[in-house]
Amino acid sequence: MPDKPWEKEGLTENEYEMIIKLLDRKPTETELGIFGVMWSEHCSYKNSKLVLKTLPTTGQCVLQGPGENAGIIDIGDNDAVSFKIESHNHPSAVEPFQGAATGVGGIIRDIFTMGARPIATLNSLRFGNLDNDRVKYLFKGVVSGISSYGNSIGIPTVGGEIFFDNAYEGNPLVNVMSVGILDHKDIATATASGVGNSVMVVGAATGRDGIQGASFASDELTEDSDEDRPAVQVGDPFMEKLLLEASLELIKSDSIIGIQDMGAAGLTSSSAEMASRGNSGIEIDISKVPTREENMTSYEIMLSESQERMLVVPKKGKEETVEKIFSKWGLHAEVVGKVTDDGMLRILNNGNTVAEISAKLLADEAPEYKREAKKPKYVEKINEIKASNIRSNDFNEDLLNLLSSPTIASKKWVYEQYDHMVMTNTVVGPGSDAAVVRIKQKDKALALTTDNNGKYCYLDPKKGGSIAVAEAARNIVCSGGKPMAITDGLNFGNPMDPEIYWQFENCVKGISKACKKLDTPVIGGNVSFYNENPKGAVYPTPIIGMVGLLDSIDERITMDFKDLGDHVFLVGETKEELGASEYLKVNEGKVDGKVPDIDLDLEQRVQKSVYTANKNKLIKSAHDCSEGGLAVALAESTFKNNIGVKIDVESDITNKALLFGESQSRIVISLDEKNVSEFKEIAKANNVPIKKLGITQKNKYEFNNLINLEIKELKMKWETAIEKKLQ
Amino acid sequence: MKAGVVTFPGSNCDYDVFNVLDNIFDFDTDMIWHKDKTLDDYDLIVLPGGFSYGDYLRSGAIARFADIMEPVIEFANNGGLVLGICNGFQILLESNLLPGAMKVNDNLKFVCKNIKLEVSNNLTPFTNQYNKKEIIDMPVAHGEGNYYIDQNGLNKLKKNNQIVLRYKDNSENPNGSLNNIAGICNKEGNVFGLMPHPERCSEEIIAPNNNDGYRMFTSIINEITNRGDKFAR
Amino acid sequence: MDWEVKIETKLKDGILDPQGKAVKTGLESLGYNNVKSVFVGKYMEIVLNDIDDKTDAQELVEEMCEKLLANPVIEDYKYELMKMEG
Amino acid sequence: MDWEVKIETKLKDGILDPQGKAVKTGLESLGYNNVKSVFVGKYMEIVLNDIDDKTDAQELVEEMCEKLLANPVIEDYKYELMKMEG
Ligand SMILES: Nc1ncnc2c1ncn2[C@@H]1O[C@H](COP(=O)(O)OP(=O)(O)O)[C@@H](O)[C@H]1O
Ligand SMILES: [Mg+2]
């Protein structure tokens, strides 16, 4: 062995000593490699676990919290929903198409290993400035990767969000959320138990794909990351479609004890995790694993991250059932080992032991670190942003510029490449506050969204974390749903940097606070550290994926104005808040200022009143105010049905803040005159400030005497902005 | 009435069509496995959309050799109604039940959106509930819908009135297909392939105020009813 | 005896080739202005086991191309057949 | 002087080739049982205008491959350069 054997495996000297102590001997090279990936950040969460434990993970709807491949919530009548978000940032930075594609494949597997049929995916993407050619290349590659995998496997991509900011240049974020439905009785778990039971590898054959991908994902991107070639994996959506059908058929056949997908660190982590969950051991003879390439070493077979594979523990005597079901779908299903009672992960090669380590040691006893956290200097240097700090010649121009800034502009160019209709459940598709998917043969439906504003989290991580949750819930309510639970995808820089760790801790604090207040527990998620490039770390970007429930599909509601002459109201309050706004960024190129305040009590009351008003069939449209503020929210409501609006509103704040400020807890609604008084009572009962803004009208967008534009023109700019950038 | 929907490995719109046939209309509908070597008596066979065998070589190229295709071809040659949607259309081309071939979309991008179509032939078993030249709305979702056929093939199609659906105009043509062709039938009219997805606009809830897909299925029902026993299988 | 086959398929002349067109524009946008034409097709490498006779191998390859590997309606194919050592 | 370039791209060794796998299964299901392996890649034919010097042409082609025609992260490429008559 080399003199510092731990380095090659990305371990520290201390960890190496710890291993020797725990094993009470020196590890073999293979064993050390196994520790290397299992104790990597990606698999062990060693730098985040202690902080994650502070997240609220219980609630009466929670059937399965964090710890399994994905969480599960109860939606009544023995129906359940499983969902989770996962990142594929580093692979996407190196090979955008395959990186994004395999990201989609990985999270979908997490859902169907739980026994759920995936019915929708969403993706949350972050890129640098679209004027940069490399960024264009990454953007196009990621989008076509997602579309290629999702379309082929036949699961609709119904929503998501995309932000563009220099902070993400060179290190894009690609987070994918998958959502599935299942019957309570079909819930599967990833446990191995029953001494003597077989352990089977099913699905694709094993190649040398992504060896050390896990430790790769736990490394900063450097100029020569292009050398991480072996870590690039190619996805096979066709294979996964077969694996999906076969696995669900298998789970329904009630012949298995446990099933686990092979993600990071492949066979090693899946077997260690399954054994450890079942308080048993597993013995595997890797010479029995179907391989795609010749003479692979035991190290390679154990750590390969070949996609589209699963580990299955069948009930006694059910091996044939497994083989039968899988061969029907043209897939491998090989017995490679058995469950033991000694708690060991024992790896044989043609009978000779090549590694023997306690499964718990690998899966659960990785060191847990509380890293040093330090308030960053830049936070001290944040300036106050006043209206007078933002130059503006003409509010018409300002609105047009905002609507054509890629972050706000229509994402049509993207979602028209995604099949968002397959499965014929998409009732409200991409481009709305939250997507709404029906559940066939049932009255209820699901509302789905992902949200985060990296600028907020950068300037004020705690507030930013709370706002991300609050906005997600607001989007659910604006679609007619009741917020149920979340999955969180935490994307940060290098946790060894105290300032990054401070961001991390504070974002999680903010998320916890909002989740408790809004009663939306965290049922799963993902942590991606080391999102850095030579220029520095990305914005702290905790992406919140939320699922909401509509008791009846008829309670769905969209952002679009429906009829001429309807009354338009603002629920919530607009304050003099221009800090951290998109307006500031577009007009001044600055990311600075005080992040808008978030009063979670008010937030909850605002949501409650809109939710109730909608239940009582009082309102025709609802749209939350986010990037670009009230002026942009109103514009977005005019586009679909070409119904304009005439706003006539007094206010004691500056016009800039009124139009473009990003005060939180605000929802624009439209309703028929006859319902106004009843709506007012609901608002009053919830002690929520509301304000009449104006009336819907033909063709024109008018805001006091400040803005006067044809909606045709607005829409054109908004719809074509991204495409223009790409030409 | 009895309908069968074929599931190839990689089909992913099979249950979408099943849902429409079985739940929206009262077809007694079977899912048919690609390995089956025989067909029962059916009034309609549907080759659904999706990515059969991943469409890795050419869309439909491998599916065309699935065991089930022999009886399907025989069924078609005996006058049975065969509907190929999207990937199903591509399979019909590869298996020569319909003439021509599919190329990748002009802009190389997968496209999923609603487009406007013109009903160029409303006298087929699949379009008898539309008016001639009627403009209808249907979603497309494909990466290889760029229909091609050589000049005299095209002349034949026109002469025999086999061009059933066209994209309304070039601006509505999502893939660059020749002559804006979106759907064609065989000479006899009993085999029909189209790129758009009628099963995605047959229910109010997912396609508000759009029954243009629904009427494709009522056309089929109408045809089957009229055939009565005249049609000996 | 084992054989290595290299197959190239390409759209027939006169059939508009969207991929070729896109690649050409791509190259031009990168400033390569002396690109006259681009055609994009498929390239396949196939290894065939124990066929003793070369003409048998050829027949087999042609059959595979006609049936599956190329679409005779729009594609031409070319192939090269090499005996493999060992 | 004009040049004809023929380029073949192919996934690097060890990288999963779903296309090749699918084609192999396809051929097997057609009863071709002596197919040992199949790889699928891209084939391109490019014509270049007025470049006088062969090494210039070569450099150009390699640059184009690195930048656009092949994906160097996962693909290898081979090319053949032929001078074209008049
Ligand atoms: N940010 C987070 N919040 C809550 N749970 C998390 C978070 N990150 C990871 N988890 C949980 O830790 C477990 C392991 O996650 P992960 O390693 O991403 O699974 P996988 O093996 O699919 O990559 C999962 O149950 C996941 O839900
Ligand atoms: Mg997993």
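Sequence lines set the chain letters: A, B, ... in the order given, protein chains first and strands last, and positions in each chain run from 1.
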Report summary line: Per-residue tally against chain C (heavy atom, under 4.5 Å) across D:Met64, D:Lys67, D:Lys10 peaks at D:Met64

Query raised in the report: In terms of heavy-atom pairs under 4.5 Å with chain D, which of C:Met44, C:Lys24, C:Lys36, C:Glu63 leads?
Result: C:Lys36

Query raised in the report: For C:Leu48, is it the side chain, the backbone, both, or neither that has a heavy atom closer than 4.5 Å to a heavy atom of chain D?
Result: both

Query raised in the report: Pick one: which of C:Val5, C:Val47, C:Leu60, C:Ile46 meets side-chain contact (heavy atoms from CB on, under 4.5 Å) with D:Val35?
Result: C:Ile46

Report task. First locate atom OG of C:Ser29, then atom CG of D:Leu68, and finally report the distance between them rounded to the nearest 0.5 Å. Result -> 7.5 Å

**Report entry** Toward chain C, the part of D:Ile7 with a non-hydrogen atom under 4.5 Å
**Finding:** neither

Query raised in the report: Is there side-chain contact between C:Asn33 and D:Asn49, with heavy atoms separated by less than 4.5 Å?
Result: no

**Report entry** Distance, nearest 0.5 Å, that separates NZ of D:Lys42 from CD of C:Gln19
**Finding:** 8.0 Å

Query raised in the report: Taking atom CD1 of D:Ile51 and atom CG of C:Asn34, what is their separation to the nearest 0.5 Å?
Result: 4.5 Å

